[in-house]
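Every chain is numbered from 1 and lettered A, B, ... according to where its sequence line falls, protein lines coming before strand lines. Heavy-atom basis, side chains included; hydrogens, waters and symmetry copies ignored.
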2 protein chains.
Amino acid sequence: MSLEHALLGFLSYSPMTGYELKQHFDQSIYHFWNANLSQIYPALSRMKEEGLLTMEVEHQEDRPNRKVYTITDAGREALQRWLVTPLPPGQVREAWLIQIFFAHFQSNDEIVSLLEARMDAMRARLAVCRTEIQAAIDQNAAQSGVERASQLWQITLDYGIAHYETQLAWLEQTLARVRKLPPLTPPKP
Amino acid sequence: MSLEHALLGFLSYSPMTGYELKQHFDQSIYHFWNANLSQIYPALSRMKEEGLLTMEVEHQEDRPNRKVYTITDAGREALQRWLVTPLPPGQVREAWLIQIFFAHFQSNDEIVSLLEARMDAMRARLAVCRTEIQAAIDQNAAQSGVERASQLWQITLDYGIAHYETQLAWLEQTLARVRKLPPLTPPKP
DNA sequence: ATATAATATATCAAGACTTTTATAGATAAG
DNA sequence: CTTATCTATAAAAGTCTTGATATATTATAT
């Protein structure tokens, strides 16, 4: 469901190929969604069958042909309907917290290592938001007629930034806390 | 992978049935993981085949028989190994942010509605963390010999709480921001 | 200069993981 | 009288990830 509507969303800006859609995913919404080409291509076919899109082949000599998809009126309607449909909030799913939860037989240092690895990853993600994704949004915002849209793009990016900042703050605090735990005494069963 | 190791984790505390494991999932780690019975039961079978668990049937007259699973030495080893294996950080995946990202043709009020619905859901989740899950942790922490473990349980719960608080803070701020956007002028295509 | 990688574009198959739904049946609680 | 609890199984459908297959051009690295 979500993938299809994200595709419709980008195609409501302009017609594109699956390959180009993938690039938009990676450049603009990577902070809250992603998709593989192997998902995108069949999704586009399906949506064409459903009448949400039309497709035209652009022949190329040196490269594979481009299949350019265009959103139909039915597609726009489906998109607008979905956009105001409240979604059930998703489950939080953080596998690495399972590791923390059951880490009582790991030494403080081992736990600290896990947290530090996580912190490195979160710092990197935060940096991507602040530089690359911000740049992509700024660049698209420079077009005319996208004032309202670009406010919303920025709002989602600020979500991502706040998310990673929270992660880092929690990690800092947790590192201090774990370092102060009484050391693991005897047995590693 | 993660499901299996969460099961091993709980079974490292004591032998249990799948049904009981499901209850522990819901009571203790719901803030970062969940699983259905229809996932848990076949996972337990598989893990038994792999020698990570043993199983004994307790016959009951009035209820279905209980299949009590016990972790083996191999299971404990597999768990300890996994617990220190760094996991690749998962993708953020927030379908409702797709709705915000493409909401430029929705009115400010419609966007506000989406945000308010989300806020209600997040408030409810936060309350569950603060009351029910906190209570479950406190109760288990009252046993002897779990001092170290219960610190870690609390650390993961504090993650959940921080997460939902960030959501709510961002939602507050975003609500204000959206209310101040110039109203949507003409066309709802 | 030559080897390697990346870009541009699309398809397909396999498998991993999750959710949904149905089935079963007895007791206890509202 | 209806719903919830207790316990387990299984089929189906949905979603996502991984990896293989093709192929020409351009860029990077050694």
Side-chain angles (χ1 to χ4, degrees), chain A residues 1-7 10-11 15-27 29-30 32-50 53 55-69 82 87-95 98, chain B residues 1-7 10-11 15-27 29-30 32-50 53 55-69 82 87-95 98:
Chain A
M1 282 288 84
S2 303
L3 169 64
E4 272 90 339
H5 291 95
L7 292 169
F10 281 118
L11 289 174
M16 264 180 274
T17 67
Y19 190 88
E20 289 167 332
L21 281 160
K22 166 65 170 160
Q23 293 182 317
H24 282 284
F25 270 63
D26 289 346
Q27 286 164 21
I29 63 172
Y30 191 74
F32 62 87
W33 200 264
N34 76 339
N36 299 321
L37 284 171
S38 56
Q39 277 181 279
I40 291 173
Y41 288 129
L44 291 171
S45 295
R46 248 183 288 130
M47 292 160 76
K48 186 189 147 209
E49 293 314 308
E50 291 165 13
L53 307 176
M55 187 267 281
E56 280 192 41
V57 178
E58 281 181 18
H59 289 278
Q60 299 193 120
E61 305 268 302
D62 47 342
R63 312 265 152 126
N65 293 338
R66 293 160 47 85
K67 294 189 169 180
V68 179
Y69 289 90
W82 182 80
L87 302 176
Q91 242 309 119
V92 177
R93 230 175 166 65
E94 298 280 6
I98 301 175
Chain B
M1 281 289 84
S2 303
L3 169 63
E4 272 89 338
H5 291 95
L7 292 169
F10 282 117
L11 289 173
M16 266 180 273
T17 67
Y19 191 86
E20 289 166 333
L21 281 160
K22 166 64 170 162
Q23 293 183 315
H24 282 285
F25 271 62
D26 289 346
Q27 287 163 22
I29 63 172
Y30 191 74
F32 63 86
W33 201 264
N34 76 339
N36 300 321
L37 284 171
S38 56
Q39 276 182 281
I40 292 173
Y41 288 128
L44 291 170
S45 294
R46 249 183 287 129
M47 294 160 76
K48 185 188 148 208
E49 292 314 308
E50 290 165 12
L53 306 176
M55 186 267 281
E56 279 191 41
V57 179
E58 280 181 19
H59 288 278
Q60 297 191 120
E61 304 269 301
D62 47 343
R63 311 264 150 126
N65 292 337
R66 293 161 46 86
K67 293 190 169 180
V68 179
Y69 289 89
W82 182 81
L87 301 176
Q91 244 307 119
V92 177
R93 233 178 163 66
E94 298 280 4
I98 301 175

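Distance, A:Tyr69 OH to C:dT9 C1': 12 Å, rounded to whole Å. Look at CG on A:Leu37: it is 16 Å from C1' on C:dA13, rounded to the nearest Å. Remark: P of D:dC16 and NZ of A:Lys22 are 13 Å apart, rounded to the nearest angstrom. In this structure, A:Leu44 atom CG and C:dC12 atom P are separated by 13 Å, rounded to whole Å. Distance A:Tyr19 OH to D:dA24 C1': 13 Å, rounded to the nearest Å. When rounded to the nearest whole Å, the span between CD1 of A:Ile40 and P of C:dA10 equals 11 Å. Going from atom CG of A:Leu21 over to atom C1' of C:dT11 covers 16 Å, rounded to whole Å. Straight-line distance from the CE atom of B:Met47 to the P atom of C:dC17: 12 Å, rounded to whole Å.
Here B:Arg93 reaches the OP1 or OP2 of D:dC16: one of its side-chain N or O atoms lies under 4.0 Å away. Residue A:Asn36 places at least one side-chain N or O closer than 4.0 Å to OP1 or OP2 of D:dT17. In terms of phosphate contacts, A:Gln39 brings a side-chain nitrogen or oxygen within less than 4.0 Å of OP1 or OP2 of D:dT17. Considering only side-chain N and O atoms, B:Tyr41 lies nowhere under 4.0 angstrom from the phosphate OP1 or OP2 of D:dT9. Residue A:Gln23 places none of its side-chain N or O atoms closer than 4.0 Å to OP1 or OP2 of C:dT7. For D:dT7, the OP1/OP2 oxygens have a side-chain nitrogen or oxygen of B:Gln60 closer than 4.0 Å. Within the structure, a side-chain polar atom (N or O) of A:Lys67 is placed less than 4.0 Å from OP1 or OP2 of C:dT11.
Checked by distance alone, B:Ser38 brings no side-chain donor or acceptor within 3.5 Å of a matching partner on the base of D:dT9.
Nucleic acid contact for B:Glu58: none, since no nucleic acid atom lies under 4.0 Å from a heavy atom of the residue.
When all heavy atoms of A:Ala35 and A:Leu3 are compared, the closest pair comes out as CB-CD1, 3.7 Å. Here the shortest heavy-atom pairing between A:Gln60 and A:Asn65 reads N-OD1, 3.0 Å.
Ring-plane geometry between B:Trp82 and B:His5 is classed as parallel, the angle between the planes falling under 30 degrees on a 0 to 90 degree scale with a further cut at 60.
Of the options A:Glu56, A:His59, A:Glu58, a side chain to side chain donor-acceptor pair (under 3.5 Å) to A:Arg66 is made by A:Glu58 and by none of the others.
Nearest-nucleotide mapping onto DNA chain D: of B:Gly18 and A:Trp33, the residue sitting toward the 5' end is B:Gly18.
At least one donor-acceptor pair closer than 3.5 Å links the side chain of A:Gln91 to the backbone N or O of B:Tyr30.
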